[in-house]
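A short write-up of the structure that comes next.
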Amino acid sequence: MWRDALLVAGKDLRLEWRSRVALNQVVPFAMLVLIVFAFALDPDRGVLERATPGLYWVAVLFSGLLALQRSFTIEAVDGNRDSLRLSGLDPAGIFLGKAMAVGVQLLVLEVLLGIGVALLYTTQFRGWALLVATVVVATAGIAAAGTLYGVLAAGLRVRETLLPLLLLPVLAPVLIGSTRAFEAALADAPADGWPWIGLLAVFAVLYTVAGVLGFGPLLEES
Amino acid sequence: MTTHSSATGGRTVPAAPSPAAPTSTGSPATRLLGIASLVGVAVLVALGLWLTPDDVVQGDAVRILYIHVPSATMAYTGCFLTTLGSAIFLWKRSKWWELVAYASAELAAVFTAVTLATGMLWGRPTWGVFWVWDARLTSTAMLFLLLLGYLAVRRLPADYTVRAKRAAIVGLLLFPNVLIVRQSVEWWRTLHQEASLFNNGLGATIEGLMLFGLFFGFVVFGLIFAWLLIHRFRLAWLEEKVAGQGLHAAIAERRAEAGLDPAPPPTPAPSRPGAPTDQTRA
């Protein structure tokens, strides 16, 4: 299972690295979201700095949606879905591999967005341990849930509109948890943040298990 | 068998489907259930609007409680049935349970909408605003959106097998999602403010005729839920049957147009070059 996962993840990441779509489109979009927030809010009175945790994670979710759409668009062409199914790879491995590839892209995106908010919103980062833990666990949750719902929407004519509708309500706990944990870290009160990590971890584990079990039946049909 | 000369795509119902084809989704039992629910609604209206007393604190606004709380309960019941039905469908491949899941998801969405609407109407005179970011309100709104997501998948323009399986996975995750979202929203709000507004407002002080009214509301809404669920289930069952028969009917029609013998529709004869038979897929 893990060998298959690494194969699929490697394939997806190589594809992204060579096509540069994530780099040339998703990353600029994420930066654009940060700038749009500045237009929408008052940039001079410290509103952006105070709202950094929420804005940061909303930016992650929106640009993460693009990365997820992309992850399943590359499987849609040339009957890739069928060849993936016929390849003899373990479906659980395919799920984990795609989730890992999405997770790696999200991590890169999150680092860049972190630099972005530090520069543009003059946010001072504190409580690094909590920040890093939040990023890792929340990313695992987003990648697992996103991959599961991504394959549900994949291969349909309405996938672009369906995925956000399905995924954003499901990811609400991740948004709440990661935002609160970030707030706690930035306010130098990490003790308030760790319970949220627990919630995020439960979410990530639940969706990873659901994906490992449910991916086989989903790949079989259509 | 009638042959329509104007070739129409899609929903052509065959002239003679089967001898036992139902003409309505009603049956003696559901008619009885329907009458019972309607009488119950009338009694509940009388109870809620006239017979029960005003609340000491909330005045007349409390009367919306008799439909608000039962509809919220029915929303959660429907949601649970959706997850149950989806699970059994995935496990046993039971189409019956799949349709139960679909029908109860639709009802759950309706009852959630009723809950939200009545809650907002209650909030306006009580809190002065239609909406506060209370844990219950927020999680009910999220429940509504999750249900819409399920229904969107279930109504996809795709084959029944594709729709049913994908919707079943969404449905299976529906109830766990509702629980997680509820929990996280509750933590989210309770870290900022004290306990939910309901805990110190209602609940403990309710008694007498008001309590009976609320209890009666549960019974009536339970009846309505069962009544609508049975009808919606039968309708969904018939819809799937028609969708299956539409193709046969269209093939028979095209064969008749091409001057072929329309008699044996069930045997999948190799299609002739002159008769396009594959156009029913919308």
Side-chain angles (χ1 to χ4, degrees), chain A residues 54 81 95 138 141 144-145 148-159 161-181 183-184 189 192-193 195-196 198-207 209-211 213-222, chain B residues 79 83 86-87 89-93 109 112 133 135 138-192 281-282:
Chain A
R81 210 181 153 97
F95 168 77
L148 183 56
Y149 281 93
V151 76
L152 282 171
L156 301 166
R157 274 169 298 173
V158 292
R159 61 177 177 273
T161 45
L162 185 62
L163 183 61
L165 171 65
L166 284 180
L167 194 56
L168 285 179
V170 171
L171 288 181
V174 175
L175 182 62
I176 293 174
S178 51
T179 306
R180 298 299 135 178
E183 268 179 5
D192 293 346
W196 291 110
L199 176 79
L200 293 173
V202 168
F203 187 91
V205 168
L206 181 81
Y207 270 97
V209 171
L213 297 180
F215 216 67
L218 276 175
L219 268 186
E220 270 166 31
E221 45 91 346
S222 82
Chain B
C79 194
T83 295
S86 302
F89 169 70
L90 287 174
W91 180 30
K92 298 248 163 136
R93 299 267 154 251
T112 312
W133 291 99
T138 315
S139 59
T140 309
M142 296 307 288
L143 165 66
F144 187 56
L145 290 169
L146 285 166
L147 282 166
L148 289 189
Y150 171 86
L151 291 175
V153 175
R154 184 57 183 69
R155 292 171 179 167
L156 282 174
D159 270 355
Y160 173 75
T161 46
V162 174
R163 269 185 299 149
K165 189 179 275 181
R166 293 189 185 199
I169 300 256
V170 179
L172 184 66
L173 292 169
L174 186 70
F175 206 69
N177 273 327
V178 169
L179 293 182
I180 296 182
V181 169
R182 257 187 90 89
Q183 197 57 50
S184 64
V185 168
E186 236 151 64
W187 285 355
W188 171 54
R189 289 319 294 175
T190 46
L191 285 188
H192 283 233
R281 287 293 160 84

message: Show, in sequence, the C-alpha distance, side-chain angles and deciding distance for A:Ile176 and B:Trp187, and conclude whether the side chain to side chain contact (heavy atoms under 4.5 Å, CB included) test is met.
response: CA-CA 9 Å; A:Ile176 293 174; B:Trp187 285 355; over 6 Å; no
message: One pair to check against side chain to side chain contact (heavy atoms under 4.5 Å, CB included): A:Tyr149 and B:Ile169. What are the steps and the verdict?
response: CA-CA 9 Å; A:Tyr149 281 93; B:Ile169 300 256; over 6 Å; no
B:Val153 and A:Leu152: CA distance, side-chain angles, deciding distance, side chain to side chain contact (heavy atoms under 4.5 Å, CB included) verdict: CA-CA 8 Å; B:Val153 175; A:Leu152 282 171; 5.7 Å; no
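You'll find the side chain of A:Thr179 stays beyond 4.5 Å of the side chain of B:Trp188, heavy atoms only. Within the 4.5 Å cutoff, no side-chain heavy atoms of A:Val170 are placed close to those of B:Leu173.
Taking both residues in full, the closest heavy atoms of A:Leu165 and B:Leu148 are given as CD2-O, 4.3 Å, listed atom of the first, atom of the second, then distance. Minimum heavy-atom separation, B:Met142 to A:Ala172: CE-CB, 3.4 Å.
Considering CG of B:Leu146 and CG of A:Leu168, their distance stands at 11.0 Å, rounded to 0.5 Å.
Looking at A:Ala145, there are no atoms closer than 4.5 Å to chain B (heavy atoms on both sides), in backbone or side chain. Neither the backbone nor the side chain of A:Val202 comes within contact range of chain B; no heavy atoms are under 4.5 Å apart. Neither the backbone nor the side chain of A:Leu167 comes within contact range of chain B, judged by heavy atoms closer than 4.5 Å.
By a heavy-atom distance cut of under 4.5 Å, B:Asn177, B:Ile180, B:Val181 are the residues of residues 174-182 of chain B near chain A, going up by number.
Residue pairs that meet the salt bridge (Lys or Arg N to Asp or Glu O under 4.0 Å) test with at least one member in residues 167-177 of chain B, sequence neighbours left out, do not exist here.
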